[in-house]
Protein chains: 4
Amino acid sequence: MEEPGAPETARHERADSAANHERILAAARDVFARRGLDAEIKEIADRAGVGVGTLYRHFDSRDGLLRALILQTHDDLLQRLRAAADTQDAAHALRAVIHAATDVYRQFGALTEVALAGRLDHLRPDGHEELTAAFTGLLRRGVADGTFRADLDIPMMIAALESVFTSGKVVRLVAERGYAGAAAAISDLFLHACLAVPTGPGRGRAT
Amino acid sequence: MEEPGAPETARHERADSAANHERILAAARDVFARRGLDAEIKEIADRAGVGVGTLYRHFDSRDGLLRALILQTHDDLLQRLRAAADTQDAAHALRAVIHAATDVYRQFGALTEVALAGRLDHLRPDGHEELTAAFTGLLRRGVADGTFRADLDIPMMIAALESVFTSGKVVRLVAERGYAGAAAAISDLFLHACLAVPTGPGRGRAT
Amino acid sequence: MEEPGAPETARHERADSAANHERILAAARDVFARRGLDAEIKEIADRAGVGVGTLYRHFDSRDGLLRALILQTHDDLLQRLRAAADTQDAAHALRAVIHAATDVYRQFGALTEVALAGRLDHLRPDGHEELTAAFTGLLRRGVADGTFRADLDIPMMIAALESVFTSGKVVRLVAERGYAGAAAAISDLFLHACLAVPTGPGRGRAT
Amino acid sequence: MEEPGAPETARHERADSAANHERILAAARDVFARRGLDAEIKEIADRAGVGVGTLYRHFDSRDGLLRALILQTHDDLLQRLRAAADTQDAAHALRAVIHAATDVYRQFGALTEVALAGRLDHLRPDGHEELTAAFTGLLRRGVADGTFRADLDIPMMIAALESVFTSGKVVRLVAERGYAGAAAAISDLFLHACLAVPTGPGRGRAT
DNA sequence: AATGAATGAGGCTTCATTCAT
DNA sequence: TATGAATGAAGCCTCATTCAT
């Protein structure tokens with residue numbers, strides 16, 4: 001973290017401030033994740049170990065802080081989803097994506113919900129569209145190459161998958177099964193919902 | 001409607017009071033559904049056409065009102081799920097359950113989310129367990145009779161299904177596809193995830 | 001204050017509320033007059049004998065309260081100025097106007113200053129213009145009928161007169177000389193500044 | 001500019017510090033004049049091109065800074081009034097005084113108001129009295145030598161004149177008529193109010 | 001019993017002042 | 001000594017709840 005040769009003290013002030021910035025973000029992540037979006041500013045400041053004034057020096061308002069977090073969550077999520085989607089095999093890619101999302105969730109908690117839910121879009125317009133687009137691309141690829149069934153309802157699939165992360169269920173899943181277990185369970189379920197059925201009659205629209 | 005012998009006014013008052021009780025519940029359902037759980041008491045009272053004082057005569061506190069609604073939602077949900085689950089064929093039963101849930105959602109909005117999410121459990125302990133139990137019964141039956149695949153991860157399946165209703169996605173789905181369309185789409189997706197694969201090799205845990 | 005025959009109780013609630021409204025206005029007048037426009041809302045509420053919530057039920061915000069007061073001050077001032085200006089003799093009219101303004105000042109204190117100063121015009125646009133217009137009319141009439149000197153700088157005269165009431169000096173004057181004494185002193189001074197000089201040479205622009 | 005023998009740096013530092021002191025005062029004058037007395041310390045520091053910490057090294061508190069400014073304004077005002085009052089002819093002296101005050105106002109803005117208004121006297125006790133005394137001397141002289149009318153109400157006259165500068169009206173006057181025009185208009189009005197009436201009957205206390 | 005005005009604790013935010021660098 | 005980040009007291013306003021009518 002320290003560039004060698006750089007003067008220690010000259011940048012210390014800045015470094016402190018930057019550290020506080022990060023600590024506030026982390027604290028906010030934490031507190032929002034645990035208490036929900038109604039959490040009090042004071043609690044965040046306390047947890048960050050700073051006064052409220054400091055928090056307000058770094059973020060102009062409650063919404064400003066929230067926006068910064070959503071942005072961060074989005075960026076992280078998007079970047080990891082894209083990386084995961086790069087995997088050749090669409091099925092593996094979907095698994096990777098779900099693992100990534102679970103991981104992001106672990107860190108951002110309730111904020112992932114918000115980021116995926118599309119609420120608070122006024123704070124971060126278009127953020128959700130980008131995620132949806134990335135997902136859609138992956139699923140389309142799978143359908144195109146025969147990995148996923150031709151009649152897969154892609155928007156529905158995305159909505160359902162997002163729902164799992166939006167609903168707060170992941171918290172419990174992770175608590176009960178651990179990170180890998182939760183990701184595996186989600187993957188298994190949704191792969192079953194997507195995968196093309198090799199041969200057999202009798203499958204299909206079962207009403 | 002007229003019980004003979006009862007004093008005119010007393011009956012009237014009771015009828016008025018009962019009517020108010022219902023109107024407040026309906027208004028609260030409406031307002032919570034539209035505005036979310038942060039909705040103001042005043043708005044609910046206004047929409048019910050009563051003063052806040054009257055609202056507080058019927059429900060001891062904000063949480064009391066919320067509890068009553070969750071209870072109602074739960075009961076409604078549970079009753080309809082049980083009815084739907086009675087259907088012989090497990091696949092049809094699952095579809096019926098999803099339709100029922102969608103319908104309930106339409107009426108209770110954000111409250112369904114809460115009821116299914118298991119948040120606010122302090123308001124209505126055990127409520128969630130009953131729902132889970134009903135679901136579990138249905139799915140187990142399907143697995144037992146071969147309709148659903150043997151390795152179905154039932155808790156995961158329930159969590160995912162609940163998530164769809166918990167996440168607020170249904171609102172959009174219903175808005176975009178109408179009530180029946182939304183229910184059908186959800187059903188299709190989750191049936192694919194549950195149904196046993198008739199024959200084919202190559203299916204199964206697709207890693 | 002009580003219209004005979006009106007039901008006592010039926011309007012009592014309203015009467016209480018109206019009374020509070022007035023008490024808050026009076027308290028605000030008082031407190032703003034003494035403490036200036038930075039006075040705390042809490043102090044006003046205390047002095048009115050109500051909670052802050054009640055104050056906010058009657059006035060949507062600090063500015064709303066201020067606006068109501070400015071309006072009231074303006075209306076009072078304007079009405080009395082117009083009445084005073086009706087006096088036939090322009091000189092007497094000017095005296096009457098000054099007496100009226102002094103009286104209004106006694107009641108509205110710092111608010112008169114604001115009303116006359118034209119600050120806070122965003123709260124009450126055009127308010128100041130009406131006052132100026134009323135003054136101007138009076139002075140023009142005096143010039144036209146020869147009571148006031150032909151070269152009277154009317155805008156300057158108005159500015160100076162307003163200044164006396166805007167500056168807070170009246171408070172001291174009234175304190176030192178009483179209401180009538182203050183009004184008389186102001187009148188004397190400004191009449192001297194306005195009155196036409198009967199004959200004599202040597203008077204006029206004295207550079 | 002270089003005092004021989006003084007150590008280089010110490011001198012520099014002192015010069016820097018003195019320069020900062022002046023820049024802060026100038027900035028404060030500016031900002032208070034434009035924004036009023038509620039102006040923020042931060043804005044003053046910014047405009048002075050120093051950090052708030054530096055401002056606080058030079059002035060112990062917000063009130064300390066204000067006090068210094070009032071003092072400065074007072075001294076400037078007093079000195080110029082005295083100089084102006086030296087003029088032989090009392091009428092010319094009054095004009096000169098008004099010109100001087102207008103000029104000071106141009107520079108000190110809202111601070112002149114405060115200085116003349118006698119508010120904030122706790123910041124600068126007795127300051128106002130000196131000004132009043134200077135004014136009183138001038139007017140008494142005029143009365144004594146027959147330039148001003150014998151029945152001139154000197155305290156009232158002073159109050160009115162101060163009011164013009166206290167009220168903020170000068171800002172507008174200067175804006176509309178320029179510095180000289182404003183000063184002339186004020187002078188004309190107040191000279192009319194003070195000057196002795198040469199002969200004519202019918203003049204005098206006009207009730 | 002119904003009404004809605006009154007209450008006041010508590011949240012968000014600002015800004016004078018302090019202090020580590 | 002200069003800097004500006006940090007601090008936290010204090011003000012404004014909201015809204016769940018109470019209470020007089």
Side-chain angles (χ1 to χ4, degrees), chain A residues 8-21 38-43 45 49-64, chain B residues 9-10 12-14 16-17 20 38-46 49-63 65, chain C residues 8-21 38-43 45 49-64, chain D residues 9 12-14 16-17 20 38-46 49-65:
Chain A
E8 267 277 317
T9 42
R11 55 166 58 178
H12 207 214
E13 211 170 18
R14 297 288 161 77
D16 264 20
S17 181
N20 268 344
H21 195 90
D38 291 342
E40 291 174 32
I41 287 292
K42 180 66 162 50
E43 186 176 351
V50 302
V52 274
T54 302
L55 191 152
Y56 276 93
R57 161 172 283 274
H58 288 275
F59 302 94
D60 62 337
S61 69
R62 182 197 182 70
D63 268 15
Chain B
T9 44
H12 250 201
E13 270 163 22
R14 246 183 257 136
D16 273 13
S17 180
N20 270 344
D38 291 343
E40 290 173 33
I41 288 291
K42 179 67 162 50
E43 187 176 350
I44 294 171
D46 282 355
V50 302
V52 277
T54 304
L55 189 153
Y56 272 90
R57 170 165 295 279
H58 288 276
F59 302 93
D60 64 325
S61 70
R62 188 177 208 291
D63 270 11
L65 174 56
Chain C
E8 267 277 319
T9 44
R11 55 166 58 178
H12 206 213
E13 212 169 19
R14 299 286 161 79
D16 264 20
S17 181
N20 269 342
H21 194 89
D38 291 342
E40 289 176 33
I41 287 292
K42 179 66 162 48
E43 185 176 351
V50 303
V52 274
T54 302
L55 190 153
Y56 276 95
R57 160 172 284 276
H58 287 276
F59 302 93
D60 62 337
S61 69
R62 182 198 181 69
D63 268 14
Chain D
T9 43
H12 251 201
E13 270 161 23
R14 247 183 255 135
D16 275 13
S17 181
N20 272 343
D38 292 342
E40 291 173 31
I41 287 291
K42 179 67 162 50
E43 188 177 348
I44 294 171
D46 282 354
V50 303
V52 276
T54 303
L55 190 154
Y56 272 91
R57 170 166 294 277
H58 287 275
F59 303 94
D60 63 327
S61 70
R62 189 178 206 292
D63 270 13
L65 174 56

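Fair warning: this is a prediction, and the values are worked out from it, not measured in the lab.
At the phosphate of E/dG4, neither OP1 nor OP2 sits under 4.0 Å from any side-chain N or O atom of C/Arg57. Listed pair A/Asn20 / F/dA5 fails the phosphate criterion, with no side-chain N or O lying under 4.0 Å from OP1 or OP2. In this structure, A/His58 reaches the F/dA6 phosphate: one of its side-chain N or O atoms is under 4.0 Å from OP1 or OP2.
With the nearest nucleotide of DNA chain F identified for both B/Ala39 and A/Gly49, A/Gly49 has the one nearer the 5' end. Take the nearest nucleotide of DNA chain E for A/Asp60 and for B/Leu55: the residue whose nucleotide is more 5' is B/Leu55.
One can place CG of D/Asp46 at 13 Å from P of E/dC15, the figure rounded to the nearest angstrom. Distance C/Phe59 CZ to E/dA5 C1': 14 Å, rounded to the nearest Å. Straight-line distance from the CG atom of B/Asp63 to the P atom of F/dT17: 7 Å, rounded to whole Å. The interatomic distance linking B/Ile44 (CD1) with F/dT17 (C1') rounds to 14 Å, in whole Å. For the pair A/Asp38 CG and F/dT14 C1', the computed distance is 14 Å after rounding to whole Å. Rounded to an integer number of Å, the gap from D/Lys42 NZ to F/dT3 P is 12 Å. The distance between atom CD1 of C/Ile41 and atom P of E/dG8, rounded to the nearest whole Å, is 16 Å.
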How is the base pairing of DNA chain F summarised as a dot-bracket string, given the Watson-Crick and G-U wobble criteria with both distances under 3.5 Å, [ ] for crossing and | for another strand? .||||||||||||||||||||
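With sequence neighbours excluded, the residues forming a side chain to side chain donor-acceptor pair (under 3.5 Å) with B/Asp46 are B/Lys42, listed by chain and number. Applying the side-chain contact (heavy atoms from CB on, under 4.5 Å) criterion to B/Thr54, with sequence neighbours excluded, gives B/Asn20, B/Val50, B/His58. Applying the side-chain contact (heavy atoms from CB on, under 4.5 Å) test to A/Arg57 and every residue at least two apart in sequence or in another chain returns nothing. Residues that satisfy the ring pair (Phe, Tyr, Trp, His ring centres under 6.0 Å) test with B/Phe59, not counting sequence neighbours, are B/His21.
Annotation: the span from D/Arg62 atom CZ to D/Ile44 atom CD1 amounts to 6.5 Å, rounded to 0.5 Å. We find the CG-CD1 distance between D/Leu65 and D/Ile41 to be 5.5 Å, quoted to the nearest 0.5 Å.
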Identify the pairs formed between an N or O of the protein and an N or O of nucleotides 8-10 of chain F at a distance under 3.5 Å, and give each distance.
residue : atom : partner : partner atom : Å
F/dG8   : N7   : A/Gly53 : N            : 3.4

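Residue C/Asp16 places its side chain closer to F/dT21 than to any other of F/dA5, F/dT21, F/dC12. Across F/dA6, F/dT17, F/dC12, the shortest atom-to-atom separation from the side chain of C/Tyr56 is found for F/dC12.
Across all their heavy atoms, C/Leu55 and C/Ala45 have their closest contact at CD1-N, 4.0 Å.
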